[in-house]
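A, B, ... follow the sequence lines: proteins, then strands. Residue 1 opens every chain. All figures in this text were calculated on a predicted structure; none of them were measured in a lab.
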2 protein chains.
Amino acid sequence: MPAARSYSQFCGLARALDVVGDRWSLLIVRELLISPARYGELYQFLAGAATNLLADRLRGLENSGVIERRLDVERGCVVYALTEWGEGLREPVEALVRWSAPLVAAGRGQDAFNARWLVLALQAIAGDRTSPRPVAIGIAVDGAELTLRRDKTGTSVTLGFAPRPATVLSADPETVFSLAAGVISVRDAVTAGGVEGDPRELAAVFASTATPPPPSGSGLAIP
Amino acid sequence: MPAARSYSQFCGLARALDVVGDRWSLLIVRELLISPARYGELYQFLAGAATNLLADRLRGLENSGVIERRLDVERGCVVYALTEWGEGLREPVEALVRWSAPLVAAGRGQDAFNARWLVLALQAIAGDRTSPRPVAIGIAVDGAELTLRRDKTGTSVTLGFAPRPATVLSADPETVFSLAAGVISVRDAVTAGGVEGDPRELAAVFASTATPPPPSGSGLAIP
DNA sequence: CCGCATCCTCATGGATACTG
DNA sequence: CAGTATCCATGAGGATGCGG
């Protein structure tokens, strides 16, 4: 029963952090923003969270009304999913992802990677850009398949090729993150060898490259 | 030298939390989003953070390039301030403040309060609303003075009455938060006695009340 | 197997005293 | 005033156990 240590401040940010400020909490939310998942899947995705902590955080988030247990009828099992209120965390989480562009641009280093996380990154960035025309491209990265689809209703990023887009290319994780973060142009990514296949559709998606201000500090080097 | 424990995940959110995910870090950012401040002021505003933790977090945020020490020429002292990159945290922080609306609507309880925090809350919400016309109102709350000013360039919220607005009224903290969060209408606030003075300008500012979905959980009661 | 609960160790947070 | 130094409480991390 690890009591959520409260800031005890009558302030929106403090109250929000009382709910999702504990370690691992927002990363659990991240996974559920990508898709509902069962306990074992979360344990696998988070890769490093102790099982008791995961159980603690899940119970806490459930008690706070951020997540709920749902019955996955297709798989016939219980999955964790965000409540309607919890879905509202997409905005601040995507804003943090955008803010972190210079941090991911520093390179992967020895860090773990899961292609799922690119779904959120691409939504956070590509969701902003106005579409000149409908487009659907597939990106094969790290053994996974991402589909970026854009039509009149908006932009969506999903896992898997279903249906298979006309244009499919492969790229490495760092290149996709850098493209999404807007710290590299498609042209530079291609010449650097980070992309294989016809990148013309990709160039259309990541046309407007918004370069974020680089962090001035020196403590950002990835060892 | 408390090493920032890293998630070691090649993901924007994880990298961001490696920088600002430690306890108290985002609350320090909150204070500096409102105004630069010196060490003692931060220690006072945060009201509860141990001095060694405050020093640790300040050093960590400085090393990461989020904040920097600046010379306040007017006061002739050193203050902490956000770097340009650190200013970029305004978006995710304000998004968290908006998300927390149901949490602050639960009431103040025994929590500490500082009128400074209303500056951020009002900016987070009022900044969204399109202005029908220029307006400037003063709100006296908890011994402090807030000025909400709106012109062609946008909406700003500042501490102090300078220059003094034509319309000045007083309100209690909970009412202002609830108005900003959009969980109560100006009409209801007035009839409940939370506002003193002519609230007509106030009604113009908080015209469009966006009611957030309430949290479904039961763990949100403020003792 | 999956979904947790228990146990133990140690890093981190919190309160107070102290110093340049 | 702006932090350091110290000491204790607490939560994180890892291994393992256990019931369904």
C:dC4 P sits how many Å from A:Glu41 CD, rounded? 13 Å
Distance check needed: C:dG3 P versus A:Asp72 CG, whole Å only. 12 Å
Tell me yes or no: between the side chains of A:Arg30 and B:Gln9, is some donor less than 3.5 Å from an acceptor? yes
Which atoms form the tightest heavy-atom contact between A:Cys11 and B:Trp117, and what is the distance? CB-CE3, 3.6 Å
Nearest-angstrom distance from the residue atom CG of B:Leu53 to C1' of D:dG3: 13 Å
Looking at B:Asp56 and C:dT12, is any side-chain donor or acceptor paired with a base atom of the opposite kind under 3.5 Å? no
Rounded off to whole Å, could you give me the OH-to-P distance for the A:Tyr43 and C:dG3 pair? 13 Å
When Watson-Crick pairs (N1 to N3 and N6-O4 or O6-N4) and G-U wobble pairs (N1-O2 and O6-N3) count only below 3.5 Å on both distances, what is the dot-bracket string of DNA chain C, with | for other-strand pairs? |||||||||||||||||||.
Could you walk me through whether A:Glu84 and A:Arg90 satisfy the salt bridge (charged side-chain N to carboxylate O under 4.0 Å, His left out) test, starting with their C-alpha distance in whole Å, then the side-chain angles of each, then the deciding distance to 0.1 Å, before giving a yes or no? CA-CA 11 Å; A:Glu84 187 187 344; A:Arg90 184 178 295 276; over 6 Å; no
Ion pair A:Arg15/B:Asp111, N-O distance below 4.0 Å: yes
Side-chain N or O of B:Arg5 versus OP1/OP2 of C:dT12: is the shortest distance under 4.0 Å? yes
Length of the CG-P vector between A:Leu46 and D:dG13, whole Å: 11 Å
Is the phosphate of D:dT4 approached by B:Arg59 (side-chain N or O, under 4.0 Å from OP1 or OP2)? yes
Under 4.0 Å: is that the gap between some side-chain N or O of A:Arg57 and OP1 or OP2 of D:dA12? yes
Classify the ring geometry of B:Phe177 against A:Phe10: parallel below 30°, tilted from 30° to 60°, perpendicular beyond 60°. perpendicular
Without hydrogens or angle criteria, can the side chains of B:Arg116 and B:Ser35 be said to hold a donor-acceptor pair below 3.5 Å? yes
Whole-Å distance, A:Asn52 CG to D:dG14 P, equals 11 Å
Going through the checks in order, is the side-chain contact (heavy atoms from CB on, under 4.5 Å) test met by B:Asp22 and B:Arg57? CA-CA 8 Å; B:Asp22 282 337; B:Arg57 293 304 116 92; 3.8 Å; yes
B:Trp24 CH2 to C:dA15 C1', straight-line distance once rounded to whole Å: 12 Å
Any B:Tyr80 side-chain nitrogen or oxygen under 4.0 Å from OP1 or OP2 of D:dG3: yes
Can you find a donor-acceptor pair, distance only, under 3.5 Å between A:Asp22 side chain and D:dG11 base? no
What is the separation between atom CD1 on B:Ile28 and atom C1' on C:dG13, rounded to the nearest whole Å? 13 Å
Considering just the side-chain nitrogens and oxygens of B:Tyr7, establish if one lies under 4.0 Å of OP1 or OP2 belonging to D:dA12. no
